[in-house]
Amino acid sequence: IEMVKRLQKTFYQDESGITKRDDGIYEDVPLWRVQWTELPGYQNVLNCHVPHYTHMFMKVLNGPKPWYFGHIYLPDGSKNLDNP
């Protein structure tokens, strides 16, 4: 497992996290789009298996705290990505 951790560090060692402008607006927030809603203040443990979300969360967790990401409700999930 140590070899896996070292290999992951080579991909995610320079993560800088999101930036907060002087006016309080966050920039470059990673977005998580799923077919359910999450309420502020609640916690949920999920199995992240989709490659682009696994990569996104690895980038977030290897950046500096606090760790932020945006949540967008997407009706019908990935099946509805092409339907604006």
Side-chain angles (χ1 to χ4, degrees):
I1 193 79
E2 285 303 317
M3 182 183 287
V4 172
K5 289 180 181 180
R6 284 196 311 270
L7 181 61
Q8 287 174 339
K9 286 283 185 199
T10 63
F11 289 100
Y12 302 108
Q13 64 185 343
D14 297 324
E15 297 304 325
S16 59
I18 62 174
T19 56
K20 184 177 179 182
R21 298 187 328 201
D22 292 336
D23 59 4
I25 295 175
Y26 290 96
E27 294 181 326
D28 302 320
V29 177
L31 298 177
W32 180 46
R33 302 169 299 181
V34 289
Q35 64 269 26
W36 64 84
T37 58
E38 292 292 336
L39 298 174
Y42 283 77
Q43 294 181 4
N44 196 353
V45 176
L46 302 169
N47 178 14
C48 183
H49 58 88
V50 181
H52 59 275
Y53 288 135
T54 302
H55 175 63
M56 181 190 82
F57 283 115
M58 288 297 291
K59 287 175 66 79
V60 169
L61 295 174
N62 281 282
K65 291 182 181 181
W67 299 318
Y68 290 118
F69 64 91
H71 173 272
I72 297 177
Y73 172 64
L74 181 65
D76 291 328
S78 297
K79 293 185 291 187
N80 208 18
L81 283 174
D82 293 333
N83 184 9

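In the hydrophobic clustering of this structure, Met56 groups with Val34; members are Ile, Leu, Val, Met, Phe, Trp, Tyr whose side-chain heavy atoms approach within less than 4.5 Å, directly or through other members.
The environment of CZ in Phe11 is sparse: at most 12 heavy-atom neighbours from other residues, nucleotides or ligands sit within 6.0 Å. Other residues, nucleotides and ligands contribute at most 12 non-hydrogen atoms within 6.0 Å of the CG atom of Asp22.
Between the CZ atom in Phe69 and the CG atom in Leu61 there is a gap of 9.0 Å [rounded to 0.5 Å]. Between the OH atom in Tyr73 and the CD atom in Gln35 there is a gap of 8.5 Å [rounded to 0.5 Å]. Going from atom CG of Asn62 over to atom CH2 of Trp67 covers 8.5 Å, rounded to the nearest 0.5 Å. Once rounded to the nearest 0.5 Å, the distance linking CD1 of Ile25 with OG1 of Thr19 reads 11.0 Å. For the atom pair His55 NE2 and Tyr12 OH, the distance stands at 5.0 Å (nearest 0.5 Å). A distance of 10.0 Å separates CG of Asp14 from NZ of Lys59, quoted to the nearest 0.5 Å.
Annotation for Ile18 and Pro30: closest pair CG2-CD, 3.7 Å, computed over non-hydrogen atoms. Scanning all heavy atoms of the two residues, the minimum distance from Pro64 to Gly17 falls at CD-N, 3.7 Å.
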Scan the side chains in residues 39-47 for donor-acceptor partners under 3.5 Å anywhere in the protein, sequence neighbours excluded, and list what turns up.
from	atom 1	to	atom 2	distance (Å)
Asn44	ND2	Glu38	OE2	2.8

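Using a distance-only test at 3.5 Å, with no hydrogens or angles considered, a donor-acceptor pair links the side chain of Tyr53 to the main chain of Arg33.
Relative orientation of the Trp32 and His71 rings is perpendicular, given thresholds of 30° and 60° on the angle between their planes.
Evaluated for a side-chain contact (heavy atoms from CB on, under 4.5 Å) with Lys5, the options Lys9, Glu2, Met3 yield exactly one hit, Glu2.
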